[in-house]
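Read the structure below first, then the notes.
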There are 2 protein chains.
Amino acid sequence: MTPGARGNSGSADGFVAPFPTGTGDNATVTDAPGDPWGDTRARVEQAALDLFTLKGFEHVIIDDVAAAAGISRRTFFRHFATKADAVWGDFAAHVARLERLLVATDPDEPVLASVCAAYVEVNDYADAELPLLRERMQLILTEPALLAHSQLRYADVDRVVAEHVARRTGTTATALVPRLVAASTRAAATTAFQMWLADEGSSLTVQLHQTLDEMAHGFPTLSR
Amino acid sequence: MTPGARGNSGSADGFVAPFPTGTGDNATVTDAPGDPWGDTRARVEQAALDLFTLKGFEHVIIDDVAAAAGISRRTFFRHFATKADAVWGDFAAHVARLERLLVATDPDEPVLASVCAAYVEVNDYADAELPLLRERMQLILTEPALLAHSQLRYADVDRVVAEHVARRTGTTATALVPRLVAASTRAAATTAFQMWLADEGSSLTVQLHQTLDEMAHGFPTLSR
DNA sequence: GACGTTAGTGACACCCGGTGCCAGGGGCAA
DNA sequence: TTGCCCCTGGCACCGGGTGTCACTAACGTC
């Protein structure tokens with residue numbers, strides 16, 4: 001549901017630049033112990049996020065990001081398949097974590113509740129990570145091109161959830177209920193993120209809980 | 001929720017070509033009474049749909065569609081803002097119809113039920129229109145680029161539904177419940193379309209009813 | 001210490017979606 | 001006939017994305 005807000009530490013799918021690309025501002029060579037030139041991918045991500053937030057996604061061209069990160073346009077596309085991908089961090093790891101949470105759920109717990117709980121838990125970020133997450137989600141849910149692109153990323157989430165429901169209910173992931181649960185919970189989670197973004201002081205966990213519960217319980221607020 | 005399956009009769013936002021563009025296969029000039037040269041936009045739509053279905057969306061370039069429709073590449077982009085838009089027919093009219101249905105709902109009816117009913121009714125197509133609808137939805141839900149693009153179109157639907165719920169519940173369209181109802185019902189409707197596409201012999205109306213009810217009632221199938 | 005391998009990089013050419021601009025040319029009213 | 005409106009095609013251009021080639025640093029091997 002969310003881009004991986006961790007600072008790209010593990011580099012699950014990211015490479016590490018083994019030498020400097022020399023824009024001149026790299027100070028001394030032996031700056032940090034172990035990783036002297038820093039992670040190129042992380043540097044590009046940061047530059048992209050900053051520029052997109054500052055000038056708007058479609059007003060920034062790849063050359064801008066590349067220049068800000070001290071790499072060439074061609075190299076940008078070696079680290080990110082598309083312009084939009086620069087916003088998502090290590091999302092594959094996030095999806096993998098959701099899948100692990102789902103697999104580890106108590107088989108006696110109601111399926112829908114287990115999905116909601118996993119959604120809440122996988123989005124339980126440390127306070128220090130929230131500003132970055134906010135910046136990412138603000139872009140994803142606000143910029144049309146990124147909103148459209150998000151559909152492709154979220155397809156993986158839907159698949160993981162649908163497979164979980166299918167396992168628990170003894171059907172296939174393409175059956176009605178697994179698909180419906182996946183689509184509905186994701187819709188609710190997205191709504192929770194919108195509410196969280198709109199209210200600077202709110203808690204993401206609380207918003208997720210409230211929104212998922214409201215949906216899962218058949219919208220009790222609407223006079224039932 | 002659905003592209004307008006009607007044959008583009010009203011031309012709510014489409015223009016009408018006032019003279020032929022002459023690829024040679026236009027038979028005699030006085031072919032059909034009243035509209036001798038046919039609707040250019042409709043011709044392009046048909047060519048695009050056929051080619052996309054036949055070769056896959058991203059394996060078809062605009063020049064292919066333009067050539068098949070007997071127009072220039074530049075003219076294609078005068079009828080459709082993007083390549084993806086050629087698939088959607090008169091979707092704005094479809095959204096407008098949904099909005100009229102929502103406005104006309106009985107104020108005493110439960111809000112959620114009124115949204116579900118409107119979703120079902122706005123997607124109640126004549127048998128003759130179903131093959132075209134199937135082709136369109138198959139593309140939209142299958143081709144990644146079109147799936148991503150659909151998010152932008154469906155944003156209009158969400159807005160209309162959220163505004164309806166906001167009116168009925170005395171809040172704003174950006175409040176939690178209006179947003180959540182809009183997102184959830186759309187998720188359910190999309191799922192219904194997937195099920196309908198997967199089962200050649202099923203009824204779209206039945207699928208929509210079943211899926212929306214399952215969601216709106218809190219997923220009774222999941223042992224509650 | 002010379003060597004081949006591996007991997008990230010930059011430069012270049014190219015494809016394709018999309019846009020701005022300009023120049024026709026047909027319908028239509030004055 | 002004149003002028004206007006609108007649709008059209010052609011052309012140049014922008015920007016995202018890809019294939020290819022050559023360069024160079026790190027590393028293991030003989």
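Please read all numbers here as calculations on a predicted model, not as lab measurements. In what follows, every chain begins at residue 1, and chains take the letters A, B, ... in the order their sequences are listed.
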Between [atom2] on [N] and [atom1] on [X], what's the gap in Å once rounded to a whole number?
{"X": "B:F57", "N": "C:dC16", "atom1": "CZ", "atom2": "P", "answer": "14 Å"}
{"X": "B:R41", "N": "D:dC7", "atom1": "CZ", "atom2": "P", "answer": "13 Å"}
{"X": "B:I61", "N": "C:dG17", "atom1": "CD1", "atom2": "P", "answer": "6 Å"}
{"X": "A:D85", "N": "D:dG17", "atom1": "CG", "atom2": "P", "answer": "8 Å"}
{"X": "A:K83", "N": "C:dG17", "atom1": "NZ", "atom2": "P", "answer": "18 Å"}
{"X": "A:F77", "N": "D:dG15", "atom1": "CZ", "atom2": "P", "answer": "12 Å"}
{"X": "A:R78", "N": "D:dG17", "atom1": "CZ", "atom2": "C1'", "answer": "12 Å"}
{"X": "A:F76", "N": "C:dG8", "atom1": "CZ", "atom2": "P", "answer": "17 Å"}

When only distance counts, do a donor and an acceptor, one from the side chain of B:R73 and one from the base of C:dG18, lie under 3.5 Å apart?
-> yes
Flag for A:H149-A:D85: side-chain donor and acceptor within less than 3.5 Å | yes
Just checking B:V65: base, sugar-phosphate only, or nothing, at a heavy-atom cut-off of under 4.0 Å?
-> nothing
Specify whether B:F76 and B:F80 have parallel, tilted or perpendicular ring planes, treating 30° as the upper limit for parallel and 60° as the lower limit for perpendicular.
-> tilted
Flag, side chain of A:R179 to backbone of B:T191, donor-acceptor distance under 3.5 Å = no
A:V157 vs A:Y119 side-chain heavy atoms within contact, under 4.5 Å |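 Answer yes - side chains close enough.
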Taking side chain as C-beta onward, heavy atoms only, is A:F52 less than 4.5 Å from A:E135?
->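 They are not in side-chain contact.
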Looking at the side chain of A:T75, which of C:dT9, C:dG18, C:dC12 is the nearest nucleotide?
->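 When the side chain of A:T75 is considered, C:dT9 is the closest of C:dT9, C:dG18, C:dC12.
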Within less than 4.0 Å of OP1 or OP2 of C:dT9, is there a side-chain N or O belonging to A:T40?
-> yes
Within the pair B:H79 and D:dT8, is there a side-chain N or O less than 4.0 Å away from OP1 or OP2?
->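 So the side-chain polar atoms of B:H79 do come within 4.0 Å of the phosphate oxygens OP1 or OP2 of D:dT8, strictly under.
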Would you mind telling me which residue lines up with the more 5' stretch of DNA chain D, A:V60 or A:R74, judged by nearest nucleotide?
-> A:V60
